[in-house]
There are 2 protein chains.
Amino acid sequence: MQLDERKKKILQAIIRNYLETGEPVGSRTISKYTDLNLSSATIRNEMSDLEEMGYILQPHTSAGRIPSDKGYRFYVDAMMEEKDREIEEIKEVYLEKEDKMDLLLKQVAKVLAQNTNYATMISAPQYHRNKLKFIQLSRVDEHQILAVIVVEGNVIKNHLISVDEGLSDETLLKLNILLNTNLNGLTLEEINLGTIAVLKQQAGIHGDIVSEVLDAVAEAIRADEDLEIYTSGTNNIFKYPELADNQKASELITTFEEKQSLGTLVQETLADENNTGIQVYIGNESPIQSMRDCSVVTATYELDEGMKGTIGIIGPKRMDYDKVIGTLKTMMHQLDDLYKKK
Amino acid sequence: MQLDERKKKILQAIIRNYLETGEPVGSRTISKYTDLNLSSATIRNEMSDLEEMGYILQPHTSAGRIPSDKGYRFYVDAMMEEKDREIEEIKEVYLEKEDKMDLLLKQVAKVLAQNTNYATMISAPQYHRNKLKFIQLSRVDEHQILAVIVVEGNVIKNHLISVDEGLSDETLLKLNILLNTNLNGLTLEEINLGTIAVLKQQAGIHGDIVSEVLDAVAEAIRADEDLEIYTSGTNNIFKYPELADNQKASELITTFEEKQSLGTLVQETLADENNTGIQVYIGNESPIQSMRDCSVVTATYELDEGMKGTIGIIGPKRMDYDKVIGTLKTMMHQLDDLYKKK
DNA sequence: TGTTAGCACTCTTTTGGAGTGAGTGCTAAC
DNA sequence: GTTAGCACTCACTCCAAAAGAGTGCTAACA
């Protein structure tokens with residue numbers, strides 16, 4: 001069977017109505033709602049077809065229809081396709097300038113949650129091409145050396161090293177020069193056993209310190225493994241009865257608290273390089289089990305070359321996709337502006 | 001009216017039974033439950049007295065009794081009083097050694113949540129007596145200077161400073177010496193306008209850099225204002241019907257997500273210096289509005305001199321106080337052991 | 001005087017049946 | 001191809017009756 005123009009119109013009308021009300025939509029409603037001038041009986045026939053095709057379904061025999069995942073998918077795709085989607089009205093999404101990255105990210109999550117009334121998450125940018133930029137050892141007190149490691153992208157890591165006997169300023173200077181000369185500009189892969197052996201040999205009796213510094217360097221460079229994720233507006237899920245029953249809410253809350261599994265969503269989004277930068281996961285399309293009754297809209301942001309992160313908005317399947325996508329886009333622009341000004 | 005021995009026994013029996021079942025307790029149940037060998041009629045008379053005294057209350061006329069906040073308070077106090085509370089059985093609370101503080105804290109929260117089936121929170125230790133220990137400026141590249149600030153307790157803070165023209169190694173060395181000589185060992189209060197003026201004057205044309213470093217120092221020392229709080233097991237609240245209705249659950253979840261207000265709980269606990277280190281807040285006794293239907297058990301831990309933090313367990317009023325307090329104590333010991341071994 | 005049996009009473013919860021309303025599917029006519 | 005009409009389905013609401021848990025009170029007992 002074909003999805004002709006009329007069926008499309010009816011399907012869209014059903015979905016739009018359902019998005020608003022959250023109640024199954026009957027044939028009479030559509031008959032009055034649209035400008036098709038068809039009787040409810042005709043609509044019923046069409047709806048019967050649409051159901052057969054899998055776009056809509058009936059919660060029970062004598063109820064109206066609600067969209068299926070396939071129906072939502074059609075709707076979202078159609079919406080995204082109208083790519084001449086005029087400059088989306090700049091909704092009031094205001095970010096205040098924040099000098100600390102984590103505060104900025106928390107703020108983004110919060111502002112989005114407040115604007116959309118859905119739950120939100122944002123991952124801190126992951127750094128790629130991580131080269132070592134600078135190492136500095138300094139004496140903090142008699143028995144402690146502080147190693148400061150700066151990685152490209154200005155990620156800074158500190159590491160304290162305990163030493164038995166004090167080191168002279170001279171030794172410290174030598175070690176500093178040794179480390180910087182040999183390591184700067186290298187990536188984790190480039191620091192191989194050869195480099196390490198040379199370093200240790202040259203360090204002589206201070207080989208232990210070099211080892212410890214190298215461990216810290218390794219950790220600094222692959223620090224993006226445990227990626228930081230901030231969430232906001234988790235409580236919004238209670239605004240949607242279809243998510244608010246104890247079982248589902250509990251699972252969702254757990255997912256949001258143990259940010260871990262949200263990571264898979266981030267990976268998925270970053271991996272899937274599509275054109276617009278906005279992706280929609282409906283129901284089971286989402287990689288996260290507990291979100292099978294949700295829709296997830298994600299966007300990838302890029303602050304600086306290689307510094308990419310993911311923003312996600314999680315709500316019921318009948319979320320206001322139009323508004324969410326608009327808000328997300330606006331937010332991206334704001335982030336861009338903010339970051340470039342800095 | 002007096003709370004004689006028999007009344008106490010009956011009150012405890014009521015509370016214990018209610019803790020288990022969560023259902024109002026009737027006179028017949030108590031008559032069979034206890035070893036008092038009293039008929040239900042007698043119990044009824046006693047219950048009537050207890051209600052008049054405010055220890056228990058009736059949800060409605062023809063229902064059994066449930067403990068009031070005052071009743072819980074009596075129960076908890078009585079429990080805490082048996083201070084010869086034998087070495088509480090070491091429940092299996094296992095912490096794995098973690099080198100990173102934040103991971104350790106997250107683990108503590110998680111383990112507690114799993115063991116008790118309640119929601120938990122833990123605040124990162126707050127540092128007091130914050131003296132400046134060490135400052136180090138180093139050049140990262142042509143236009144950036146990295147300031148590393150170490151505060152007593154080995155809290156480290158990094159701050160990047162942009163400079164227009166490059167600084168010579170010599171200048172940097174001078175600045176380092178200048179800063180360290182004048183600032184080390186001082187607290188925030190001790191760095192006054194006088195010190196600042198002297199510093200700036202001596203720094204000459206590099207006064208800007210000194211200002212920026214001072215700002216960073218100030219921030220490092222009072223960093224404990226935005227204290228870090230980790231939570232776990234928020235979803236456990238769904239296990240208790242009296243907390244699981246949407247309205248309450250939503251409020252609680254919000255409290256846990258916006259860790260901010262949990263801070264007041266931490267402050268409260270740290271301020272109230274009592275003997276055992278364990279405190280119980282029942283219902284409205286808690287400083288947090290959204291926890292008026294909960295009980296909160298808190299403990300203060302101290303890893304090192306002046307490094308204090310708070311652990312909190314949040315559950316329904318009918319929580320298993322005995323077990324919670326036992327588990328908390330065990331956890332404190334484990335933390336002690338772990339930290340001393342390191 | 002404290003304890004108990006007995007009974008009327010209260011109030012919640014469960015059950016089931018009747019009624020209502022929204023909506024469908026089918027058929028026959030236009 | 002479209003529509004009016006009608007029988008039918010099913011969730012939901014309402015109500016009344018019944019069941020069940022528990023109380024308070026009274027009178028009797030040791």
Side-chain angles (χ1 to χ4, degrees), chain A residues 1-11 13-18 20-68 71 241-242 245, chain B residues 1-11 13-18 20-68 71 241-242 245:
Chain A
M1 210 176 321
Q2 261 298 53
L3 199 58
D4 59 29
E5 211 46 48
R6 199 172 73 176
K7 282 194 172 54
K8 283 186 188 172
K9 272 199 170 174
I10 293 173
L11 178 52
I14 294 173
I15 297 181
R16 249 194 293 271
N17 192 282
Y18 184 71
E20 272 179 37
T21 63
E23 296 292 319
V25 187
S27 54
R28 235 175 84 80
T29 314
I30 297 299
S31 158
K32 288 184 292 183
Y33 207 82
T34 58
D35 49 0
L36 290 168
N37 278 323
L38 292 174
S39 78
S40 64
T42 313
I43 302 288
R44 274 204 290 286
N45 290 330
E46 294 289 43
M47 281 167 110
S48 174
D49 290 353
L50 284 170
E51 180 165 13
E52 202 182 322
M53 288 190 265
Y55 288 104
I56 53 180
L57 37 87
Q58 263 181 310
H60 60 250
T61 334
S62 68
R65 306 304 213 287
I66 62 175
S68 67
E242 60 264 55
D245 86 277
Chain B
M1 209 176 321
Q2 260 299 53
L3 199 58
D4 59 29
E5 211 45 49
R6 197 171 74 174
K7 283 194 172 54
K8 282 187 188 171
K9 271 200 170 174
I10 292 174
L11 178 53
I14 294 173
I15 297 182
R16 249 193 294 274
N17 192 284
Y18 185 70
E20 272 179 37
T21 64
E23 295 293 318
V25 187
S27 55
R28 237 177 82 81
T29 314
I30 297 300
S31 161
K32 286 185 296 183
Y33 208 81
T34 59
D35 49 1
L36 292 168
N37 279 324
L38 291 173
S39 77
S40 63
T42 314
I43 302 287
R44 272 204 291 286
N45 289 331
E46 294 289 44
M47 280 167 110
S48 174
D49 291 352
L50 284 170
E51 180 164 12
E52 203 182 320
M53 287 190 266
Y55 288 104
I56 52 180
L57 38 86
Q58 264 182 307
H60 59 254
T61 334
S62 69
R65 307 303 214 287
I66 62 175
S68 67
E242 60 264 55
D245 85 276

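Lettering follows sequence order; numbering is per chain, from 1.
Atom NZ of Lys9(A) has 12 or fewer neighbouring heavy atoms from other residues, nucleotides or ligands inside a 6.0 Å radius.
Between Asp49(B) atom CG and dT3(C) atom C1' the separation is 14 Å, expressed in whole Å. Atom CD of Glu23(A) is separated from atom P of dG21(C) by 17 Å (rounded to the nearest Å). Note: CG (Asn45(B)) to P (dA27(D)) measures 15 Å, nearest angstrom. Rounded to whole Å, the distance from CD1 on Ile30(A) to C1' on dT24(C) is 15 Å. In this structure, the OH atom of Tyr18(B) is 14 Å from the P atom of dG22(D), given to the nearest Å. Taking atom CD1 of residue Ile66(B) and atom P of nucleotide dT12(C), one finds them 14 Å apart after rounding to whole Å. As rounded to whole Å, 13 Å separates atom C1' of dG22(D) from atom NZ of Lys32(B). Atom CD1 of Ile56(B) and atom P of dT23(D) are 9 Å apart (whole Å).
Within the 4.0 Å cut-off from OP1 or OP2 of dA22(C), not a single side-chain nitrogen or oxygen of Arg65(A) is found. Between dT24(C) and Ser48(A), no contact under 4.0 Å exists linking OP1 or OP2 to a side-chain N or O. In terms of phosphate contacts, Arg28(A) brings no side-chain nitrogen or oxygen within less than 4.0 Å of OP1 or OP2 of dT3(D).
A 4.5 Å side-chain heavy-atom check between Met47(A) and Ser27(A) finds at least one atom pair inside the cut-off. A heavy-atom distance below 4.5 Å is found between the side chains of Thr42(B) and Arg6(B). Side-chain contact between Gln2(A) and Lys7(A) is absent, with no heavy-atom pair separated by less than 4.5 Å. In this structure, Leu38(B) and Glu46(B) have side chains that are not in contact, with every pair of non-hydrogen atoms separated by 4.5 Å or more. Looking at Tyr55(B) and Ile14(B), their side chains never come closer than 4.5 Å, going by heavy atoms from C-beta outward. The closest side-chain heavy-atom distance from Ile10(B) to Thr34(B) is not below 4.5 Å.
A side chain to side chain contact (heavy atoms under 4.5 Å, CB included) with Ile66(A) holds for exactly one of Ile56(A), Ile15(A), Leu57(A); it is Leu57(A).
Terminal axes of the helix from dT1(C)-dA30(D) to dC30(C)-dG1(D) (five pairs each, C1' rotation axis) are separated by 20°, to the nearest 10°.
Ranking dA4(D), dT4(C), dT24(C) by closeness to the Ser39(A) side chain, first place goes to dA4(D). Here the nucleotide nearest the side chain of Leu38(A), chosen from dT3(D), dT24(C), dG23(C), is dT3(D). Of the candidates dT3(C), dA5(C), dG23(C), dG23(C) carries the atom nearest the Thr29(A) side chain, counting heavy atoms from C-beta on.
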Could you run down the sub-3.5 Å N/O contacts of the protein with nucleotides 9-11 of chain D?
{"from": "dT9(D)", "atom 1": "O2", "to": "Ser62(A)", "atom 2": "OG", "distance (Å)": "3.0"}
{"from": "dC10(D)", "atom 1": "OP1", "to": "Thr61(A)", "atom 2": "OG1", "distance (Å)": "3.2"}
{"from": "dC10(D)", "atom 1": "O4'", "to": "Ser62(A)", "atom 2": "OG", "distance (Å)": "3.0"}
{"from": "dC10(D)", "atom 1": "O2", "to": "Ser62(A)", "atom 2": "OG", "distance (Å)": "3.2"}

Could you walk me through whether Arg65(B) and Ile30(B) pass the side chain to side chain contact (heavy atoms under 4.5 Å, CB included) check? CA-CA 11 Å; Arg65(B) 307 303 214 287; Ile30(B) 297 300; over 6 Å; no
Could you walk me through whether Glu23(A) and Asn17(A) satisfy the side chain to side chain contact (heavy atoms under 4.5 Å, CB included) test, starting with their C-alpha distance in whole Å, then the side-chain angles of each, then the deciding distance to 0.1 Å, before giving a yes or no? CA-CA 8 Å; Glu23(A) 296 292 319; Asn17(A) 192 282; over 6 Å; no
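Taking the nucleotide of DNA chain C with the nearest heavy atom to each of Val25(A) and Asn37(B), the more 5' of the two is matched to Asn37(B).
Among the protein residues, Ser40(A) comes within range of no part of the nucleic acid, since none of its heavy atoms lies under 4.0 Å from any strand.
In terms of polar N and O atoms assigned as donor or acceptor, the side chain of Arg44(B) comes within less than 3.5 Å of the base of dG6(C) in a complementary pairing.
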